[in-house]
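Data first, discussion second: the structure below is written as structure tokens.
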Protein chains: 2
Amino acid sequence: MTTATEPLFFPAKAGRASEDVALQIEAAILAGRLAPEERLPSEREMQQQFGTGRGAIREALRALKQKGLLDIRKGVKGGAYVRKVGMINIGESLALFLKQHDVEPLALVEFRESVDQTLALLAIARGSAEAKASLVAMAEEFEACLRQDEPDADRVGHLDRDLNLALAGMAANPIFEWVMQALQRGFSSHDYALYDTPRYRERTAANWADTARAIADNDPMRAASLIGYHYAMLRACLAERTVNTVNSPLVSPDDS
Amino acid sequence: MTTATEPLFFPAKAGRASEDVALQIEAAILAGRLAPEERLPSEREMQQQFGTGRGAIREALRALKQKGLLDIRKGVKGGAYVRKVGMINIGESLALFLKQHDVEPLALVEFRESVDQTLALLAIARGSAEAKASLVAMAEEFEACLRQDEPDADRVGHLDRDLNLALAGMAANPIFEWVMQALQRGFSSHDYALYDTPRYRERTAANWADTARAIADNDPMRAASLIGYHYAMLRACLAERTVNTVNSPLVSPDDS
DNA sequence: TTGGGCAAAATGGTCCTACCATTTGCGCCG
DNA sequence: CGGCGCAAATGGTAGGACCATTTTGCCCAA
């Protein structure tokens with residue numbers, strides 16, 4: 001508490017001033033010296049603290065914003081705010097990857113099946129009774145929603161997403177959550193295909209509910225079997241719409 | 001071929017000029033209008049094509065560089081070059097995530113074991129005979145390297161990385177390669193712990209070689225068992241260095 | 001007293017201009 | 001013929017001015 005106005009930033013320099021600035025700010029964030037939701041000094045202030053031009057500051061902030069660490073607002077009370085979350089903008093990286101390589105849907109399905117199988121095991125082993133009950137409730141709500149003649153596509157997508165994330169959360173492993181979060185954007189559009197096809201819709205919904213119950217009942221083999229069935233259906237469904245959707249958007253970047 | 005000097009970029013826009021510029025360039029890259037290794041116009045040229053100031057151009061380029069789409073060089077013949085690679089800066093995202101949440105190493109181990117098990121199955125099923133032979137050769141070279149009294153840490157790290165990526169490549173699924181690529185940075189530092197401990201070193205090397213042979217012999221159960229053993233050792237090794245390294249760097253960002 | 005609207009201040013967004021640093025390549029000189 | 005250095009191209013930085021947006025609060029009117 002000796003110095004209330006700790007410098008926090010050193011005058012930086014080395015030809016790559018902007019990178020230096022970015023590194024210092026990032027370090028301050030990761031070290032916790034800048035808490036989430038906290039506001040950084042204004043550009044004109046930092047320009048003096050760093051002893052550099054405003055352009056360098058702006059480029060550093062732009063990079064950190066792109067990196068997902070900052071949130072920049074205009075107007076008085078504006079400025080750079082430290083972003084709280086972490087999982088964000090990962091999905092964007094995967095979306096970019098999918099766009100550049102236009103990877104076939106089956107590869108995505110395959111990967112997700114692998115993750116889901118492990119996830120089910122971990123969820124059974126570590127999920128609390130409440131979490132398991134909640135998962136079953138969600139799955140049954142999902143089932144009810146899909147049984148309707150006119151399912152609300154938005155709601156279906158949301159419930160499906162929540163189900164997957166709930167399952168990932170029960171595994172008590174942040175990496176799985178991270179990957180799941182990243183994958184959501186990329187494959188949700190394919191999952192929708194499953195729900196759009198009436199023939200698969202009911203079976204898929206019932207299967208989800210059965211899977212949730214198997215997890216709640218601590219029956220790993222049954223859960224694995226049901227998950228396998230889910231993806232078998234998804235593969236079949238995708239096979240049916242072979243070259244039908246030649247150039248579907250696949251993923252939609254939302255730059256909010 | 002009607003217009004040799006296709007405009008390629010529209011003059012744009014008010015308010016969010018830099019974002020607009022970034023979007024146009026990104027779109028041009030993803031649409032293939034800008035090929036990898038191709039060089040964009042100089043900042044001073046683009047500043048005219050876009051009808052904007054140079055600062056806006058620079059901020060856009062900075063964002064795209066951070067995004068992993070561009071590579072910027074100085075001097076004459078310098079400028080912005082479209083990056084060829086695909087796996088881009090995913091690893092950086094994960095490294096950031098690990099730093100922010102300081103996730104325990106065991107979570108990482110757990111996830112990678114899950115991925116590796118699937119990877120081995122896919123490699124057996126899809127890997128060509130040449131690829132399998134190559135994997136065995138690499139594993140044996142790795143083993144030889146680790147048997148030395150004074151293993152070259154750099155070389156060990158490189159070989160370990162190449163082994164993992166080779167395995168991922170044999171799965172013929174870009175997503176697995178993508179994830180593996182992402183995990184390398186965050187994980188390698190822990191793997192090194194295994195190789196630094198003499199007691200585990202030889203066993204680990206031999207185990208890698210055995211695993212490669214099991215894959216080459218199309219023996220999935222044996223491969224699975226060996227992989228399990230690898231991670232059992234890694235867990236034990238990590239357990240031994242419990243709170244010893246309280247605040248180790250874990251991952252080191254290299255902004256080359 | 002209270003409500004609404006307007007003005008001022010803070011702050012990011014942009015443009016401009018000049019200059020510095022680095023890299024490449026060409027031409028000059030030995 | 002060859003090496004060395006200078007000039008041009010280009011990104012990197014500095015500083016200043018102005019615009020756009022948003023918040024705050026003041027002032028006037030009902």
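The sequence lines fix the lettering, A, B, ..., with proteins before strands; numbering per chain opens at 1. From a predicted model like this one, the values you see are computed outputs, not experimental measurements.
Considering only side-chain N and O atoms, B:Thr52 lies nowhere under 4.0 angstrom from the phosphate OP1 or OP2 of C:dT14.
At the heavy-atom level, B:Ile72 lies under 4.0 Å from the strands shown only through sugar-phosphate atoms.
Under the 4.5 Å side-chain criterion, counting only non-hydrogen atoms from C-beta, B:Ile25 is not in contact with B:Leu69. Inter-residue side-chain proximity for A:Gln24 and A:Phe50 is flagged as met; some heavy-atom pair is nearer than 4.5 Å.
Where the helix from C:dT1-D:dA30 to C:dG30-D:dC1 starts and where it ends, the local axes point in directions that differ by 20°; five pairs per end, rounded to 10°.
Atom-to-atom, CG of A:Leu40 to C1' of C:dG12 comes out at 14 Å; the value is rounded to the nearest Å. A straight line from CZ of A:Arg16 to C1' of D:dT13 spans 14 Å, rounded to a whole angstrom. In this structure, B:Lys65 places its NZ atom 11 Å from C1' of D:dG12, rounding to the nearest Å. Rounded to whole Å, the distance from CD1 on A:Ile57 to C1' on C:dG12 is 13 Å. Atom CG of A:Asp20 is separated from atom P of D:dA14 by 11 Å (rounded to the nearest Å). Rounded to a whole Å, the CD atom of A:Gln48 is 13 Å from the C1' atom of D:dA14. Taking atom CD of B:Glu59 as the reference point, atom P of C:dC16 lies 15 Å away to the nearest angstrom. Going from atom CZ of A:Arg58 over to atom P of D:dC19 covers 17 Å, rounded to whole Å.
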Exercise for the section: Determine, for nucleotides 4-10 of chain D in 5'-to-3' order, which nucleotides have protein heavy atoms under 4.0 Å from the base (write B), from only the sugar-phosphate (write S), or from neither (write -). Expected result: -----BB
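Taking B:Arg161 as the reference, nothing meets the salt bridge (charged side-chain N to carboxylate O under 4.0 Å, His left out) condition, with sequence neighbours excluded. Taking the salt bridge (charged side-chain N to carboxylate O under 4.0 Å, His left out) definition, one finds that A:Asp20 meets it with nothing, sequence neighbours left out. Contacts of B:Arg44 classified as side-chain hydrogen bond (donor to acceptor under 3.5 Å, both in side chains), with partners at least two apart in sequence or in another chain: none. The salt bridge (charged side-chain N to carboxylate O under 4.0 Å, His left out) check on B:Arg126 picks up A:Glu110, with sequence neighbours excluded.
The backbone N or O of A:Pro174 lies less than 3.5 Å from no partner atom in the side chain of A:Glu177, so there is not a single donor-acceptor pair. Checking side-chain atoms of A:Asp71 against main-chain N and O of A:Tyr81 turns up no donor-acceptor pair under 3.5 Å.
Two residues, A:Gln47 and B:Arg54, neighbour DNA chain D, and the one matched to the more 5' nucleotide by heavy-atom proximity is B:Arg54.
B:Lys67 and B:Glu26 are joined by a salt bridge, as a carboxylate oxygen and a charged side-chain nitrogen come within less than 4.0 angstrom of each other.
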